[in-house]
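Both counts, for ligands and for their atoms, begin at 1 and track the order of listing. Atom set for the values below is all heavy atoms of this structure, side chains included, hydrogens, waters and symmetry mates excluded.
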Amino acid sequence: MSSIADNLGSVTRRIQKATLQAGREPDSVKLLAVSKTRSPEELREAVTAGQRAFGENYLQEALDKIAALDDLTDIDWHFIGPIQSNKTRQIASAFSWVHSVDRLKVARRLSEQRESGLPPLNICLQVNINNEQSKSGCQPEDLPELVSEISQLPGLTLRGLMAIPDPEQAESALRASFRKLTNTLKELRQKYPEAGPLDTLSMGMSGDLEMAIAEGATWVRIGTAVFGERPSKS
Ligand SMILES: *Cc1c(COP(=O)(O)O)cnc(C)c1O
């Protein structure tokens, strides 16, 4: 069985290779280690191996881990799961990034509840890129309004877009989904040059990170390839 350190090494090499092949800058793609269901000890192992950015999906689980790893100072916590609007206060205080903002109400609350002593919360808008009714994320046509409203919120910095395209679709369709997210961000940047850096595309997971990087990903969110298979829910 390979260790978390070995896995981080091989994921990092996959990222470097894909970045090079895409003709992109070596540091333009960052690894978010998705640590849902993983123990504080496993995260510690990843930190010892040099990993600093962790993505969590479930708030209570994340808060418990953040408390357990309180002695580690320079960890960046990213919230990537569905957001209940009555939970925004804890998200706003414990995380430095939120990838899964999909409605204005949540954005307003995160902004209001972000403590003024902290830098603005980095956010991505999650887009339902395959137009599936069941999945979370805003519709692409909602983006102009969301971007223009959110850019006014003082507690947030609008970094870009996130998507979880349906991994079951054919490779060409998956690639087209990634490309659509990239093009959508480009259009928003042209239309709303003052809205924020809009420099971030959070897309690509263990199985498709190469394709996502070829299409412009700047954060790849990697769980299984770093920590191994997640135990199935009993
Ligand atoms: C679990 C999860 C991932 C990581 O998926 P893997 O296939 O294990 O790499 C990435 N993004 C989100 C939003 C997730 O929930």
Legend entry - For Thr224, atoms of ligand 1 separated by under 4.0 Å from a heavy atom: 6 (P), 7 (O), 8 (O), 9 (O)
Legend entry - Within-shell test, Arg230 vs ligand 1, heavy atom, strictly < 4.0 Å: yes
Inset, instruction - Using a strict cut-off of 4.0 Å, indicate which atoms of ligand 1 neighbour a heavy atom of Ile222. - result: 9 (O)
Legend entry - Short side-chain donor-acceptor distance under 3.5 Å, Ser136 and Asp102: no
Legend entry - atom 9 (O) of ligand 1 [closest protein heavy-atom partner, distance rounded to 0.1 Å]: Ser206 OG, 2.5 Å
Inset, instruction - Report the member of Arg221, Lys36, Met205 with the shortest heavy-atom distance to atom 14 (C) of ligand 1. - result: Lys36
Inset, instruction - May I have the step-by-step check of ring pair (Phe, Tyr, Trp, His ring centres under 6.0 Å) for Trp97 and Trp219, ending in yes or no? - result: CA-CA 12 Å; Trp97 281 75; Trp219 275 113; 5.7 Å; yes
Legend entry - ligand 1 contact on Asn57 by region, counting heavy-atom pairs under 4.0 Å: side chain
Legend entry - Single-linkage hydrophobic cluster Leu43~Phe95, side-chain heavy atoms < 4.5 angstrom: yes
Inset, instruction - In plain terms, say whether Glu215 and Arg179 are close enough for a salt bridge, that is, a side-chain N and a carboxylate O under 4.0 Å apart. - result: yes
Inset, instruction - Give a yes or no on whether a salt bridge exists between Glu210 and Lys17, defined as a side-chain N under 4.0 angstrom from a carboxylate O. - result: no
Legend entry - Distance filter under 4.0 Å to Gly223 heavy atoms, resulting ligand 1 atoms: 4 (C), 6 (P), 8 (O), 9 (O)
Inset, instruction - Determine, using the 4.5 Å side-chain heavy-atom cutoff (strictly less than), whether Leu125 and Leu110 are members of one ILVMFWY cluster. - result: yes
Legend entry - Contacting atoms of ligand 1, where contact means under 4.0 angstrom from a heavy atom of Ile164: 13 (C)
